[in-house]
Amino acid sequence: MLITLVEAVDLALARALREDENVVVLGEDVGRNGGVFRATVGLREQFGPRRVLDTPLAENLIAGISVGMAAQGLRPVAEIQFFGFIYAALEHLISHAARLRNRTRGRLTCPLTVRVPFGGGIHAPEHHSESTEALLAHIPGLKVVAVSSPRTAYGLLLAAIRDPDPVIVLEPERLYRSVKEEVTDNGEALPLGRCLTWREGRDVTLVSWGAMVQDCLNAAAELERGGISCEVIDVASLRPLDMATILDSVAATGRCVIVHEACRSGGFGAEIAARIAESGLELIAPLRRVAAPDVIVPYLKLEPLYLPDTADVIAAVRAVMEDA
Amino acid sequence: MLITLVEAVDLALARALREDENVVVLGEDVGRNGGVFRATVGLREQFGPRRVLDTPLAENLIAGISVGMAAQGLRPVAEIQFFGFIYAALEHLISHAARLRNRTRGRLTCPLTVRVPFGGGIHAPEHHSESTEALLAHIPGLKVVAVSSPRTAYGLLLAAIRDPDPVIVLEPERLYRSVKEEVTDNGEALPLGRCLTWREGRDVTLVSWGAMVQDCLNAAAELERGGISCEVIDVASLRPLDMATILDSVAATGRCVIVHEACRSGGFGAEIAARIAESGLELIAPLRRVAAPDVIVPYLKLEPLYLPDTADVIAAVRAVMEDA
Amino acid sequence: MTFVRDTAIDLPVHCLLDADGQLAPHTPAAGRDPALWRRAYAHMRLVRRFDERIYQLQRTGRLGTYASCLGQEALSTAIGLAMQADDVLAPYYRDQAAQLLRGVRMVEILRYWGGDERGSDFAGPREDLPDCVPIATQIPHAAGIATAIKLRQQKRAVLATIGDGGTSRGDFYEALNLAGVWHLPLVVVINNNQWAISVPLSAQTACRTLAQKAMAAGIPGVRVDGNDVLAMHAVVGEALARARAGKGPTLIEAITYRLCDHTTADDMSRYADAAQRDAAQGREPLRRLRALLEREAGWSEEDEAALQRGQGEVIEAAIAEYLATPAAPPTDMFDYLFAELPEELLEQRAALVEKREQTSSAPTAPAPSGRGGE
Amino acid sequence: MTFVRDTAIDLPVHCLLDADGQLAPHTPAAGRDPALWRRAYAHMRLVRRFDERIYQLQRTGRLGTYASCLGQEALSTAIGLAMQADDVLAPYYRDQAAQLLRGVRMVEILRYWGGDERGSDFAGPREDLPDCVPIATQIPHAAGIATAIKLRQQKRAVLATIGDGGTSRGDFYEALNLAGVWHLPLVVVINNNQWAISVPLSAQTACRTLAQKAMAAGIPGVRVDGNDVLAMHAVVGEALARARAGKGPTLIEAITYRLCDHTTADDMSRYADAAQRDAAQGREPLRRLRALLEREAGWSEEDEAALQRGQGEVIEAAIAEYLATPAAPPTDMFDYLFAELPEELLEQRAALVEKREQTSSAPTAPAPSGRGGE
Ligand SMILES: Cc1ncc(C[n+]2csc(CCOP(=O)(O)OP(=O)(O)O)c2C)c(N)n1
Ligand SMILES: Cc1ncc(C[n+]2csc(CCOP(=O)(O)OP(=O)(O)O)c2C)c(N)n1
Ligand SMILES: [Mg+2]
Ligand SMILES: [Mg+2]
């Protein structure tokens, strides 16, 4: 069926709830309300209030109880309403979820999924457009995936829920309703830890995740017309990172532009750039990053100028083509 | 006088308390006890309980009230007892301290200093040896400095306290008492946002911060005997980052090894590597990073094998010398 | 014998002006002053009208997501009336009424909700905190401000507001506990409007009252009818006076009802029972104060009409000023980050200027807001 | 009239066995059973001796920083005795007594404090949480476990412990509030040992009692003499039975005194008054239970000597096993990170193996601990 990204999330959640009685969905407004983004619509009605829990308003608590639930073998799927509110949950994610298996040498584990809408572009209030995923991607013991379309949302979310370890799933807010795709509800997960190459190309490798994948695809289509051929890689899984796919592509094209919505410095693009630099690959032109500037996400009036966009990607590709 | 790093911290705090009545020291056990590391010894006796405050046990609260105090023009100097406990404070640091000036277009500001012992090597319990400074270095609106010796502790801490914006000061636990240095209590701050070049060299640029600076210096001394000349740069200020000094050095040596104690992937070394890669500098050999592996800091029995050390730095330098 | 017993206590709900506009016999002198009634009524009326207009602006794409304060004007008005100029307000996002009384300009409020940081650069109350979005985090800030005031031995108070949902977050308890042990000049007012977006109070806590949460901090907790501006004024006034006089903090639970969607991005009909809302309508604050005014102070239809006419003009002028606000320079996003822009960022700032020039057609006014989450 | 009033309540401190070893007349039958007295006494004696030996091991560099439970053995022993095997314990770091009763082995405890993760792979209580270092974070975990139990409609309870300092952290309140509203089978026991490192309770909160913090969650709060193992056993037993029976959560404040430095890295003399500590010595748990045993159950010097001899052997055997523990393979730091090691990390793992081989002289036993902070 042709559905939006948010519908794909809902579909995957329903599938997961159906196939495993240990799956429990929890968070603020996920039950009666069906989620502020409508990602959990109908789940409470269908699976009942023991499977879909409206929690009190406390992100630290949501993460903390999820760890305890997971230690008992449940598979909590927690929603943090917006990425800007995940900070209060970090202690439990970093100091506990990521460590429970290691700390107990495998006696207790933490099969937890945390879903978080991230990124800007929906004209939301302050703190509703953050994308500081680099904070999570630095933490040993966490897996971090970013979806970029209805299909990847369905497949990666299912993979995350079935994974025996904690996985953070980042869902780009501005793609929730803006793209539709044919999704078959066949229960097939996408693999974690694998890049997805959406477009093959000869001249430049574009590496991206989340909402910016769409900008990369748009840019590639536009550049094609001017005779520049871009390979578009959707990192999909920030950690574990499938660097082999990226390096193979960059080895072939000799040029790389890394694109993310988060602010530049210390963004996860730096890690990819560092690994390319360490690899010793001889590039035709120095790699480039397209990213937001190192400033606080502005309120909505200035947000359009802050967010990197298709034009920025195109400009960067042109620049690496000229650099050589 | 010849003093340890922790004594230098104490000295700088006393100086700051003396020179500005708005300076207030706060945290867990900083008063009556003089701090669990003894970094605040004597301050409560000297400046009284209105200037040196023992808070209840709550890192989120410490950060939160510091924002409020700073908004009133005080200059709170908060201690988070160990870096592993800063996670609970992140929401206030990221969503408020870093943003107050911007959010109010300069009406309210946040002249806050947060001191945090970080890093391993003191055989402490779990969570007492973390160095996830990359989380902070990614946040627009925060300044992040790492001290590496008694003198830099004194100078950078004073600079941080006098700075009109929030500054996180990272103090390496294993250097607190292991090195002594001549420090003059003259109230002279070191500049924020400047690398410190501790040793000049021709062949390789070593870029590091915190405790690893000592390892780099040790490695450089050792390598010198074998005829390899290393330039040792102490980044000192992760944000703002003085990339010019690093790039100048790397341009001259043509080789770079970035050294940090934090785990490799998504560590702040990645940002430095990315900027070198973007710079287009032609290196003689690909840059390398020396870092901890991407695993959870082990308990003390395995910690020695986890921490990067002088031997790792030497090995990396030898490797870049051979790579060419 | 059993050791584990219920330790619930009963706290009365203070009310001076009942739902029918009858004044309680024990109303203190201040609450009997028709000048206060008129001032409070006029302000609540202004806020309600302003709120409606903001809602319309949002619906026509001239403003971002907006959180209405419909039906909750009394509590915030009482706060604004009870506070002194040198007290400090740490609001959440339904405190339009208090903010206006403290000197925040309408156009500033419009700019804030319109997505313009300049809206929080209040010309008036320079020390007040801006609206706080991350729930409950304003309470530690308020405690920090109160700490500064206490350390400096000033006779000022800090007042922070929070929703019922916000009382579930650690920030709230941690800060109240500190206020207790440091005996801070802090008043925390809970707007218990019965909902946190879609989560009803009964799913938020097992406490029969939110005021009793004060006991976890060893401080007084008081319940008051938040739709009764006179009781609110009396209670908040007393708590503030205590704070200023060094008598320590107070927690106030003000009982209201959210007579509107959570924000413009919400649809209350999805989760709320219409009958409950209708019942709450009967307790809303304006009607009852108007009844009192009519009965006891000769308030007439003409008075009402004149009031509304005057207010309409004020509001429209503010809206016109808002809509005519020149766009902020995009470089503002760099220029208020630090006291001084680090060299590191000069290049990025220059790149922004360039991008701006290339895309001078870029929309700087907000596009109509879609389903922006809450 | 005034509206703001003190809302303090008085909660009695339950005590059955007083400081002189006298049994209260209202002691329930279970508390009158000499078999319980003997079992509790023997265990507390074991724990005290074990604790002393661990301290010595730390001082001679064979173990990392250690948190003693000296003088607080009763509370944890009572917990261990009152819990059923299929209940779940979420301990903090002074629960050696309860852990041992639940089947955690001495050698596991030694390994944990010796800096070896394998110490938390309990052979015994597989569902119990390991020691929790970040203060108060175990309380939400315990609430999560209780949620799982409740969702699965099992008749089990979860018991979590926390220090008095820990009650200042948001985690504590957030989780209690949830336990209240979800009616979870959770018992939280506060070891109110009067100190959080150097911070006395009076600087931690203005509350007269910590039990009253339960009122912020709408759940029962009980105070008990934590050095009275019989009262503790009765209260904890009742709370656990309630939890298992679906009657909801309980908060228990157990009043003790930390008769030791905070940890081996601390020096209490820097901040604590020796006289206060001496006074507390008179209320310590072992002496009073022994007085009861001697008076009412014919406990003799010979009984005592035999007990101590037997226990000494058990402890020394555990220590010998600890010291003979083969070093863990360094690759363990990779091998328990995830169910399956991601490819990404294979190279790093190989590098570690190589480094290990090159530096086979690397110390794997801990060097003597310096001033390791707390
Ligand atoms: C930390 C945090 N989590 C979630 C949100 C999203 N959110 C905005 S308002 C709200 C409900 C607040 O309810 P309440 O505190 O009762 O205040 P009310 O809106 O009812 O006045 C939520 C969950 C937020 N702003 N901050
Ligand atoms: C989140 C966090 N902050 C700080 C510390 C350091 N620390 C360890 S124990 C302790 C005091 C705890 O006091 P209390 O809760 O009363 O327990 P007690 O040790 O007295 O039994 C502190 C501050 C920590 N472990 N975790
Ligand atoms: Mg509410
Ligand atoms: Mg204690």
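Convention: sequence-line order gives letters A, B, ...; per-chain numbering from 1.
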Q. By salt bridge (Lys or Arg N to Asp or Glu O under 4.0 Å), which residues pair with A:D203, not counting sequence neighbours?
A. none
Q) Checking heavy atoms, do the side chain of A:R99, its backbone, both or neither come under 4.5 Å from chain B? A) both
**Q.** Nearest heavy atoms of B:A277 and A:A277, plus distance in Å
**A.** CB-CB, 3.9 Å
**Q.** Which atoms of A:I94 approach chain B - backbone, side chain, both or neither, heavy atom under 4.5 Å
**A.** side chain
Q) Under the salt bridge (Lys or Arg N to Asp or Glu O under 4.0 Å) test, which residues partner B:R107, sequence neighbours left out? A) none
(Q) For the OG1 atom of A:T132 and the CG atom of B:L135, what is their distance to the nearest 0.5 Å? (A) 9.0 Å
Q: Can you sort out the partners of A:E173 under salt bridge (Lys or Arg N to Asp or Glu O under 4.0 Å), two or more places apart, ordered by chain and number?
A: none
Q. So which part of B:D294 gets closer than 4.5 Å to some heavy atom of chain A, the side chain, the backbone, both or neither?
A. both
Q.
Using heavy-atom distances under 4.5 Å, tell me whether B:I139 contacts chain A through its side chain, its backbone, both, or neither.
A. side chain
**Q.** Residue A:A89 versus chain B: region with a heavy atom under 4.5 Å
**A.** neither
Q.
Closer than 4.0 angstrom, basic N to acidic O: yes or no for B:R289 and A:E278?
A. yes
Q | Among A:E59, A:H138, A:E130, residue most engaged with chain B (heavy-atom pairs, under 4.5 Å) | A | A:H138
Q | Spacing of B:H127 atom NE2 and A:E91 atom CD [to the nearest 0.5 Å] | A | 8.0 Å
Q: Any chance you could measure B:I296, atom CD1, to A:S95, atom OG, to the nearest 0.5 Å?
A: 10.0 Å
Q: Below 4.5 Å from any heavy atom of chain A, which atoms of B:A88 appear? Answer side chain, backbone, both or neither.
A: both
Q.
With rounding to the nearest 0.5 angstrom, report the OH to CG distance, B:Y87 to A:N60.
A. 14.5 Å
**Q.** Residues from residues 256-275 of chain A approaching chain B under 4.5 Å (heavy atoms)
**A.** A:A262, A:C263, A:R264, A:S265, A:G266, A:G267, A:A270, A:E271, A:A273, A:A274, A:R275
**Q.** Cationic N near anionic O, under 4.0 Å, B:E126 to A:R103
**A.** yes
